[in-house]
**Student:** 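The structure that follows is given in the form of structure tokens.
Values below: all heavy atoms of this structure, side chains included; hydrogens, waters and symmetry mates excluded. All residue numbers in this chain count up from 1 along the given sequence. Keep in mind the model is a prediction, meaning the values are calculated, not measured.
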Amino acid sequence: RVMVQLSSQDGLKLTAVGVARNYLKLIRIGMTEEEIAAERNKSPVHIRDMLVLAEASSDVQRMVNDDSVGATLAIEVIRQYGEGAGEYLRGKLDELNPA
């Protein structure tokens, strides 16, 4: 069912966070990153990156969902700052958009 959601997103396209969460569901039901990659015609690196986003804090996911931050940037920042990624990104957004 999860794989169908991923492949039939023509009508209602999933967000990057939505895709990432579905990859995480597949991992949790026993698929490997390589199996998911093969099924989705993606690289294992892409799957690993998206799993980083799937496990990100809700504030980082919210920034990606509302297009304040791109998924690729969010993943890079999460890897660099870990749990502090949300705070770091918020600070950068505040610098760009002072109140």
**Student:** Can you list the residues that meet the side-chain contact (heavy atoms from CB on, under 4.5 Å) rule with Asp49, with sequence neighbours excluded?
**Tutor:**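 Asp49 satisfies side-chain contact (heavy atoms from CB on, under 4.5 Å) with Val45, Ile75, Arg79 once adjacent residues are dropped.
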**Student:** Using the ring of each side chain (for Trp, its six-membered ring), is His46 parallel, tilted or perpendicular to Tyr23, with breaks at 30° and 60°?
**Tutor:**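 The arrangement is perpendicular - the two ring planes meet at more than 60°.
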**Student:** Just how far is it from atom CE of Met50 to atom CD1 of Ile27, taken to the nearest 0.5 Å?
**Tutor:**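 Spacing of CE (Met50) from CD1 (Ile27) equals 13.0 Å.
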**Student:** For a 4.5 angstrom cut-off between non-hydrogen side-chain atoms, does Arg62 reach Asp59?
**Tutor:**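 Yes, at least one pair of side-chain atoms sits under 4.5 Å.
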**Student:** Between Met63 and Gly86, which heavy-atom pair has the shortest distance, and what is it?
**Tutor:** CE-O, 3.5 Å
**Student:** Please report the interatomic distance CZ(Arg21) to CZ(Arg28), rounded to the nearest 0.5 Å.
**Tutor:** 10.5 Å
**Student:** Testing the basics here: between Pro44 and Ala37, what is the closest heavy-atom pair and its distance to 0.1 Å?
**Tutor:** N-CB, 3.7 Å
**Student:** Measuring from atom OG of Ser58 to atom CG of Asn65, what distance do you get when rounded to the nearest 0.5 angstrom?
**Tutor:**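 One gets 11.0 Å once the value is rounded to the nearest 0.5 Å.
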**Student:** Locate the shortest heavy-atom distance separating Ser68 from Leu93; write the atom from each residue and the value.
**Tutor:** O-CD2, 3.7 Å
**Student:** Here's a test for you: under side chain to side chain contact (heavy atoms under 4.5 Å, CB included), which of Val17, Thr72, Leu24, Val19 qualifies with Leu53?
**Tutor:** Val17
**Student:** Which heavy atom of Ala71 sits nearest a heavy atom of Ala16, and at what distance?
**Tutor:** CB-CB, 3.8 Å
**Student:** Please indicate whether Asn41 has more than 12 foreign heavy atoms, meaning atoms of other residues, nucleotides or ligands, lying under 6.0 Å from its CG.
**Tutor:** no
**Student:** Looking at Lys92 and Glu95, is any side-chain nitrogen of the basic one under 4.0 Å from a carboxylate oxygen of the acidic one?
**Tutor:**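 Yes, charged N to carboxylate O under 4.0 Å.
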**Student:** What closest approach, in Å, do Ile78 and Ala56 show between heavy atoms, and which atom pair accounts for it?
**Tutor:**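 Residues Ile78 and Ala56, closest heavy atoms: CD1-CB, 3.4 Å.
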**Student:** Rounded at 0.5 Å granularity, tell me how far CD1 in Ile36 sits from CD in Glu34.
**Tutor:** 9.0 Å
**Student:** Distance from Ile47 atom CD1 to Glu39 atom CD, nearest 0.5 Å?
**Tutor:**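 It comes to 10.5 Å.
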**Student:** Please check if the number of heavy atoms outside Glu87 that lie under 6.0 Å from its CD is greater than 12.
**Tutor:** no
**Student:** According to a 4.5 Å side-chain heavy-atom criterion applied to Ile, Leu, Val, Met, Phe, Trp and Tyr, with indirect links allowed, do Leu14 and Ile29 form part of one hydrophobic cluster?
**Tutor:**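 Yes; Ile29 is reachable from Leu14 via cluster members.
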